[in-house]
Amino acid sequence: MNSKLKTQNSKLNTLCVHAGAEPDSLTGAVSPPIYLTSTYAQRVPGKHKGYEYSRTKNPTRDRLERALAELEGVGFASAFASGLAAEDAVLRLLNPGDETLVCRDLYGGTFRLMRRVWQNYGLKFHFLDTTQVANVTGRITSKTKLIWVETPSNPLLSVTDIAVLAKEIHRKAPQALLCVDNTFATPVLQRPAALGADLVVHSMTKYLGGHSDILGGAVATPSAQINEKIKFFQNAAGAVPSPLDCFLVLRGIRTLVVRMKTHCDNAAKTAWFLAGHPAVGRVFYPGFEDHPGHAVAKKQMSMFGGMVSFQIKGGRASAERFFSRLKIFTVGESLGGVESLACYPWVMTHASIPEKERLAAGVTDGLIRLSVGIEGVDDLTADLQNALGPAKTLRPGRPVKMVKSL
Ligand SMILES: *Cc1c(COP(=O)(O)O)cnc(C)c1O
């Protein structure tokens, strides 16, 4: 994006449309060229135009990385072949013996990467409830090198105060880095680096891509020093996204603000509908005033997100009946696409977490997670109504108001 726009501290929707989207210098093409090339001609050995080999650097990926950095309001970003590949690069910053404090409620694949891969190489992970900042500060030792937080978390949508946590960590443990998984919020709803995070990771597979057609991940950081290491791992280990996938994420980013607005609006109405349904137990949605993280969500997010989880009464049997009756919601893993998805963490996304730890984290056999899409919300609630079974008393669909305008 041109520097004039940047210095004006442009609105996020302007950023989303223009980040990494300057016309092609060779042809003027408005849409980013997809450089499907592995290698680049060198005039004489060692003399080239900044590109040698596409694992190291590719012009389409460059554009995406610049766009991601601008969106997160930091100097640097690196794109990876998946969210987990991005997380893997962050964990490579650690050395054997280093300890990481991790939020207990988190993406199952992240848990697996930590517990079943990196733990074997001498890294230590302690899982705890990060929504209480004192839990984190109480566990910090001289060996603590990383604090890992998902907020809102997956699948219970608990909220951690990033600014307070960052301040406490940097005061008590200057050697430790704070990494926030911003997949659920996206930079449209929350910018963790502005709140003090040292690293921001994304699964671009979700809202950033937005159309359930690619896998991708990202690491963004305000630190040139950290960036240098991440970029080194990106090239050395090679888990890079293809230029075509980079193009598709860039295209997804163009509509991120309008999609997020509709996702959030639909999720608010869906949460309200669920909370009034007699077949539904607890509803997990940070937009509700009685959600334990509501005040923090209101402070650090611009909207409450497109995810809603709930307990269905009757456990597994009811859940299976519910899933078999859905027509518009697709039963599937993943989230953040334009289409609504319903997921059963117990046997799907969180099956890789041992049952005891799943239950300790609050992931029960009655828990259902919805990624609310951008369809007509009345169609979505009618679909849920049909799948939950007939109910006598229904609350009228009162929307929960967005917090801030974008
Ligand atoms: C999906 C997801 C990941 C992993 O990303 P992939 O692109 O599937 O590798 C990490 N964190 C969160 C919160 C996710 O939802």
Side-chain angles (χ1 to χ4, degrees), residues 64 68 72 77-92 100 102-118 125 127 130 146 148-160 162 179-190 192 197 199-220 234 237-242 245-246 248-249 252-253 260 263 267 284 286 301 305-309 332-337 341-345 348-353 361 363 367 369-373:
L64 173 60
L68 291 164
E72 286 294 352
S78 304
F80 289 85
S82 70
L84 284 175
E87 296 184 1
D88 186 73
V90 170
L91 296 174
R92 286 171 197 270
T100 301
V102 191
C103 62
R104 175 169 280 156
D105 181 39
L106 86 167
Y107 180 69
T110 307
F111 179 90
R112 183 176 55 202
L113 177 65
M114 292 173 171
R115 262 288 159 81
R116 309 232 347 241
V117 179
W118 281 107
F125 300 93
F127 296 85
T130 55
L146 184 66
W148 188 285
V149 169
E150 258 181 44
T151 180
S153 67
N154 183 11
L156 293 173
L157 305 166
S158 55
V159 177
T160 295
I162 301 170
C179 178
V180 174
D181 185 333
N182 205 25
T183 299
F184 272 34
T186 81
V188 173
L189 307 195
Q190 157 182 297
L199 291 145
V200 182
V201 297
H202 276 284
S203 169
M204 304 193 297
T205 314
K206 317 295 169 53
Y207 289 107
L208 291 177
H211 296 75
S212 306
D213 50 7
I214 59 102
L215 285 172
V219 180
Q234 182 193 39
V240 293
S242 78
D245 287 350
C246 293
L248 287 168
V249 178
I253 286 172
M260 288 315 290
H263 280 298
F284 302 86
M301 300 172 75
M307 301 298 294
V308 180
S309 295
E333 307 222 351
S334 201
L335 59 111
L341 292 174
C343 163
Y344 193 27
M348 294 164 68
T349 47
H350 288 63
S352 55
I353 302 178
V363 178
L367 187 75
R369 188 192 78 183
L370 302 178
S371 171
V372 182

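Not measured: the values here are computed from a predicted model. All ligand and atom numbering here is 1-based and tracks the order in the structure.
- Listed by number with element, the atoms of ligand 1 under 4.0 angstrom from any heavy atom of Glu87 are 10 (C), 11 (N).
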task = Please step through side chain to side chain contact (heavy atoms under 4.5 Å, CB included) for the pair Cys179 and Val201, ending with a clear verdict.
result = CA-CA 7 Å; Cys179 178; Val201 297; 3.8 Å; yes

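- Against a heavy-atom cut-off of under 4.0 Å, Gly83 is close to the following atoms of ligand 1: 5 (O), 6 (P), 7 (O), 9 (O).
- From Asn154, atom CG reaches atom OG1 of Thr110 across 8.5 Å, with rounding to the nearest 0.5 Å.
- Phe184 CZ to Lys206 NZ: the interatomic distance, rounded to the nearest 0.5 Å, is 7.0 Å.
- In this structure, atom 1 (C) of ligand 1 lies nearest to the protein heavy atom Lys206 NZ, 1.4 Å.
- Between Met260 and Leu189, the closest side-chain pair of non-hydrogen atoms falls below 4.5 Å.
- Of the candidates Thr183, Asp181, Leu335, the one placing a heavy atom closest to atom 11 (N) of ligand 1 is Asp181.
- Contacts between Met204 and ligand 1, counted as non-hydrogen atom pairs separated by less than 4.0 Å, are absent for every part of the residue.
- Contact analysis puts Gly216 in contact with ligand 1, with a non-hydrogen atom separation below 4.0 angstrom.
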task = Determine, step by step, whether Arg116 and Phe111 satisfy the side chain to side chain contact (heavy atoms under 4.5 Å, CB included) criterion, reporting the C-alpha distance in whole Å, the side-chain angles of both residues, the deciding distance to 0.1 Å, and the verdict.
result = CA-CA 8 Å; Arg116 309 232 347 241; Phe111 179 90; 6.0 Å; no

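- Under the 3.5 Å distance criterion, the side-chain polar atoms of Gln234 are left unmatched by any main-chain donor or acceptor of Val240.
- Considering each of Tyr107, Tyr207, Phe184, the one bringing a non-hydrogen atom nearest atom 3 (C) of ligand 1 is Tyr107.
- When the heavy atoms of Leu113, Thr205, Leu106 are ranked by distance to atom 7 (O) of ligand 1, first place goes to Thr205.
- When only interatomic distances are considered, the shortest N/O to N/O separation between Ser203 and ligand 1 falls below 3.5 Å.
- Heavy-atom separations between His202 and ligand 1 are all 4.0 Å or longer.
- Among residues two or more places apart in sequence or in another chain, the ring-ring contact (aromatic ring centres under 6.0 Å, His included) test is passed with His263 by Tyr207.
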